[in-house]
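Worksheet for the structure shown next.
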Amino acid sequence: MAVAHVMKSIFCLKNSKYLDITFSYSFPLYDEIHLVKHMMECLDDIVDTGLIILDYSDNFSKISISDEEAYNKCMKNDCAYLIRRNSKDISINKQSNLYSLLINWRNFCRSKFKKIYSKKIIDVYMKLFVQSGFMPITYSYNGDIMAQEIYYKSPRSNTNYICIFIWNKEYKNRCPGKYAYALSIEECKKENRFFSYCYGAQNYKKTWMKPFLESGIR
């Protein structure tokens with residue numbers, strides 16, 4: 001956390017790659033260093049749970065969505081289709097109960113990834129994700145929870161992040177993850193904000209971001 005005040009990444013001699021200093025794979029701590037003062041309130045739990053994590057810098061995407069031509073090309077992928085298809089039937093609650101969402105996330109991780117997260121991690125998230133800019137969001141279809149996320153609109157870096165995302169496998173055919181990202185791209189364009197795919201180099205992310213990378217605006 002101290003190093004993150006002065007640099008975004010560190011260099012790994014073992015594999016000659018840069019590693020970003022992140023909070024829980026959600027964002028580079030350097031870009032959102034203002035949040036450290038809130039993290040200090042639960043520093044012992046952050047240390048115990050290992051929530052300051054190193055991840056490869058090339059796994060992180062942060063893109064300017066300002067270029068009109070690149071945006072239109074991106075939307076010609078399945079972005080615009082997913083927005084049109086899902087927005088008719090899906091309701092979005094941007095003031096969901098944070099604690100319930102985090103418990104759902106913990107249960108989701110246990111079921112899908114066989115990963116068990118402790119109460120300490122929930123406590124840390126509860127203290128951080130109530131800060132200004134964080135939104136617990138629920139996507140509902142016919143009254144059922146289709147997906148949930150912690151969305152962060154950073155006042156410091158002018159960047160939008162999806163920090164946590166869970167989905168109901170019964171609605172896999174509606175591509176809830178892609179739909180949420182498509183909505184975020186659309187919002188970033190309207191509000192002239194940077195868009196972040198956070199960490200993870202899935203192929204569809206590369207395809208969607210290709211027009212923006214080719215535009216030369218970063």
Side-chain angles (χ1 to χ4, degrees), residues 22-27 29 32 34-53 82-83 85-155 159-188 191 193 195-200 202:
T22 83
F23 174 76
S24 192
Y25 299 107
S26 297
F27 43 74
L29 202 51
E32 310 303 336
H34 62 291
L35 293 172
V36 167
K37 64 182 179 181
H38 303 294
M39 296 178 189
M40 293 301 293
E41 297 173 4
C42 49
L43 182 60
D44 288 346
D45 286 348
I46 286 178
V47 172
D48 288 345
T49 54
L51 285 175
I52 304 301
I53 299 166
L82 287 170
I83 293 173
R85 180 195 181 201
N86 287 330
S87 294
K88 296 182 296 183
D89 305 315
I90 293 169
S91 62
I92 302 175
N93 178 6
K94 295 186 176 183
Q95 296 181 325
S96 299
N97 182 279
L98 176 60
Y99 182 74
S100 295
L101 190 157
L102 291 174
I103 295 303
N104 290 341
W105 166 79
R106 185 171 66 178
N107 293 338
F108 171 83
C109 293
R110 181 189 295 120
S111 174
K112 184 170 179 62
F113 305 114
K114 310 305 179 188
K115 178 76 173 179
I116 298 175
Y117 289 99
S118 67
K119 181 180 181 298
K120 281 187 178 181
I121 289 182
I122 299 296
D123 291 343
V124 171
Y125 285 163
M126 283 294 296
K127 290 176 181 176
L128 186 63
F129 292 155
V130 295
Q131 305 306 320
S132 177
F134 288 98
M135 291 183 290
I137 299 176
T138 298
Y139 300 83
S140 299
Y141 180 79
N142 287 338
D144 291 337
I145 294 176
M146 185 184 84
Q148 291 184 299
E149 68 182 1
I150 302 294
Y151 194 64
Y152 182 44
K153 300 177 71 170
S154 168
T159 304
N160 290 6
Y161 305 91
I162 295 177
C163 301
I164 279 178
F165 193 85
I166 61 176
W167 66 94
N168 186 336
K169 64 182 180 180
E170 293 183 11
Y171 301 107
K172 182 180 179 180
N173 66 323
R174 287 189 170 267
C175 303
K178 288 185 177 181
Y179 171 56
Y181 277 116
L183 288 178
S184 184
I185 293 171
E186 183 181 57
E187 182 176 88
C188 288
E191 299 181 357
R193 296 178 62 84
F195 168 75
S196 172
Y197 263 121
C198 300
Y199 290 87
Q202 290 92 336

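Heavy atoms only: backbone and side chains are in, while hydrogens, waters and symmetry mates are out.
- When all heavy atoms are compared, the tightest approach of S111 to K114 is O-NZ, 3.5 Å.
- For the residue pair R193 and K153, the shortest heavy atom distance occurs at NH2-C, 3.3 Å.
- Side-chain contact between Y152 and L128 is absent, with no heavy atoms from C-beta onward closer than 4.5 Å.
- Taking CG from L51 and CG from L43, the interatomic distance works out to 11.0 Å, rounded to the nearest 0.5 Å.
- Ring geometry, F108 versus F113: the interplanar angle exceeds 60°, so the pair is classed perpendicular (tilted spans 30 to 60°).
- Between Y197 and F195, the ring planes are perpendicular. Angles over 60° get that label, and only those under 30° would be called parallel.
- With rounding to the nearest 0.5 Å, the separation of CD1 in I164 from CG in L102 is 5.5 Å.
- For residues 104-113, no residue pair satisfies the salt bridge (charged side-chain N to carboxylate O under 4.0 Å, His left out) rule, not counting sequence neighbours.
- Between L183 and N86, every side-chain heavy-atom pair lies at or beyond the 4.5 Å cut-off.
- Remark: the backbone N or O of I83 is paired with a side-chain donor or acceptor of S87 at under 3.5 angstrom.
- Between T49 and D45, the shortest heavy-atom contact is OG1-O, 2.6 Å.
- When side chains are defined from C-beta on, I150 counts as touching F134, because their heavy atoms get closer than 4.5 Å.
- One finds the CD1 atom of I137 at 7.5 Å from the OG atom of S96 (value rounded to the nearest 0.5 Å).
- Considering only heavy atoms from C-beta on, H34 comes within 4.5 Å of P155 through its side chain.
- Contact of the R174 side chain with the Y141 side chain is registered, since non-hydrogen atoms from C-beta on lie closer than 4.5 Å.
- Considering all non-hydrogen atoms of both residues, C198 and S26 come closest at SG-O, 3.3 Å.
- Within the 4.5 Å cutoff, the side chain of T159 has no heavy atoms near those of the F27 side chain.
- Under the 4.5 Å side-chain criterion, counting only non-hydrogen atoms from C-beta, Y161 is in contact with S154.
- Distance NZ/K127 to CD1/I46: 9.0 Å, rounded to 0.5 Å.
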- Message: One pair to check against side chain to side chain contact (heavy atoms under 4.5 Å, CB included): F23 and L35. What are the steps and the verdict?
- Response: CA-CA 10 Å; F23 174 76; L35 293 172; over 6 Å; no
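- Side-chain atoms of N168 and I145, non-hydrogen and from C-beta on, never get closer than 4.5 Å to each other.
- Judged as a side chain to side chain donor-acceptor pair (under 3.5 Å), the pairs with a partner in residues 142-151 (not counting sequence neighbours) are, in order, N104-Q148, T138-Q148, Y139-E149, D144-Y171, Y151-N160, Y151-S184, Y151-E187.
- Distance check: D48 CG to I121 CD1 gives 10.5 Å after rounding to the nearest 0.5 Å.
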- Message: Pair Y125, W105 - check side chain to side chain contact (heavy atoms under 4.5 Å, CB included), show working.
- Response: CA-CA 11 Å; Y125 285 163; W105 166 79; 3.5 Å; yes
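- Within the model, atoms CE of M39 and CD1 of I52 stand 5.0 Å from one another, a figure rounded to the nearest 0.5 Å.
- Salt bridge D123/K119: present, at least one basic N to carboxylate O contact under 4.0 Å.
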